[in-house]
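Throughout, numbering of the chain's residues begins at 1 and tracks the sequence.
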Amino acid sequence: MQTLSAEKAVAMIPDGASLMVGGFMGVGTPNCLIDELVRQRKRDLTLICNDNAWPGVGVGKLVSAGLVRKTISSHIGLNPETQQKMIAGSIEVELVPQGTFVERIRAGGCGLGGVLTPTGVGTLVEEGKRKIEIGGREYLVEIALHADFALVHAMLADYQGNLRYVLTARNFNPVMAMAADRVIAETEHMVPVGLIPPDDVVTPAPLVDFVVCPTA
């Protein structure tokens, strides 16, 4: 694990990269990394995030800046810019039910090809997807999600890269940290190794490649 500035960490991300970004409506999102993506004008990004927040908030800044080619999300209802760009054809939107969304990420992190779910059977969601019948019930085969980079936000990181999250930041950040080639963690505080109790370590150091601490 290396500690880097946000500028150097984001410089490693190429145009066209796929990014998993933690957070929910901007809460628990690595905002300094988002700001740096905007400043460095990283383009043609595929966003894998629960929602698109609001214009000018969280990942909504990437949408506002015209840097997103595709978003895979469960909710874009609070971001009219994403909706307008989707209608105009300048952003591709893949809407995924939230439970399916997180399970596809979990599958990607566990090395599975996908998951089976009854959610979406009989609706537009099933179009183009394989269906399997088990025990008289139909399930959709939902393909696992994987990304080039996961950008996660933690409350604490130690100098080995162990991460502790708090409150709702535990929703998508931990599972995304398992499902990407490279993990960049933005933390509010860097602490000595051993200060985070073992039971509080949610993402262990071997999963984390780089840590950015804007307050250090």
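Arg39 and Glu36 are joined by a salt bridge, as a carboxylate oxygen and a charged side-chain nitrogen come within less than 4.0 angstrom of each other. Arg69 and Glu94 are not joined by a salt bridge, as no carboxylate oxygen comes within less than 4.0 angstrom of a charged side-chain nitrogen.
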Which pairs would a plain distance check flag for residues 168-178, meaning a side-chain donor or acceptor within less than 3.5 Å of a matching protein atom at least two apart in sequence or in another chain?
from	atom 1	to	atom 2	distance (Å)
Asn171	ND2	Thr168	O	3.0
Asn173	OD1	His153	N	3.1
Asn173	ND2	Gly28	O	3.0
Asn173	ND2	Ala169	O	2.9

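Screening Thr71, Ile76, Leu45, Val68 against Val63 for a side-chain contact (heavy atoms from CB on, under 4.5 Å) leaves a single residue, Val68.
Between the CG atom of Leu140 and the CD1 atom of Ile143 there is a distance of 11.0 Å, given to the nearest 0.5 Å. Rounded to the nearest 0.5 angstrom, Met20 CE and Cys49 SG are separated by 10.5 Å. Between the CG atom of Asn50 and the CZ atom of Phe101 there is a distance of 5.5 Å, given to the nearest 0.5 Å.
Between Ile48 and Val21, every side-chain heavy-atom pair lies at or beyond the 4.5 Å cut-off. Using a 4.5 Å cut-off on side-chain heavy atoms (C-beta onward), Leu116 and Val141 make contact. Within the 4.5 Å cutoff, the side chain of Glu92 has no heavy atoms near those of the Thr46 side chain. In this structure, the side chains of Val212 and Ile184 come closer than 4.5 Å at one or more pairs of heavy atoms.
Under a 3.5 Å cut-off, the side chain of Glu103 and the backbone N or O of Val115 do not form any donor-acceptor pair. Side-chain atoms of Asp209 come within 3.5 Å of backbone atoms of Val183 as a donor-acceptor pair (strictly under, hydrogens ignored). Panel note: side chain Thr100, backbone Val96; no donor-acceptor pair is recorded below 3.5 Å. In this structure a side-chain-to-backbone donor-acceptor pair under 3.5 Å is present from Lys42 to Ile13.
Evaluation of the side-chain hydrogen bond (donor to acceptor under 3.5 Å, both in side chains) test over residues 7-34, restricted to residues two or more places apart or in two chains, returns Ser18-Asp148.
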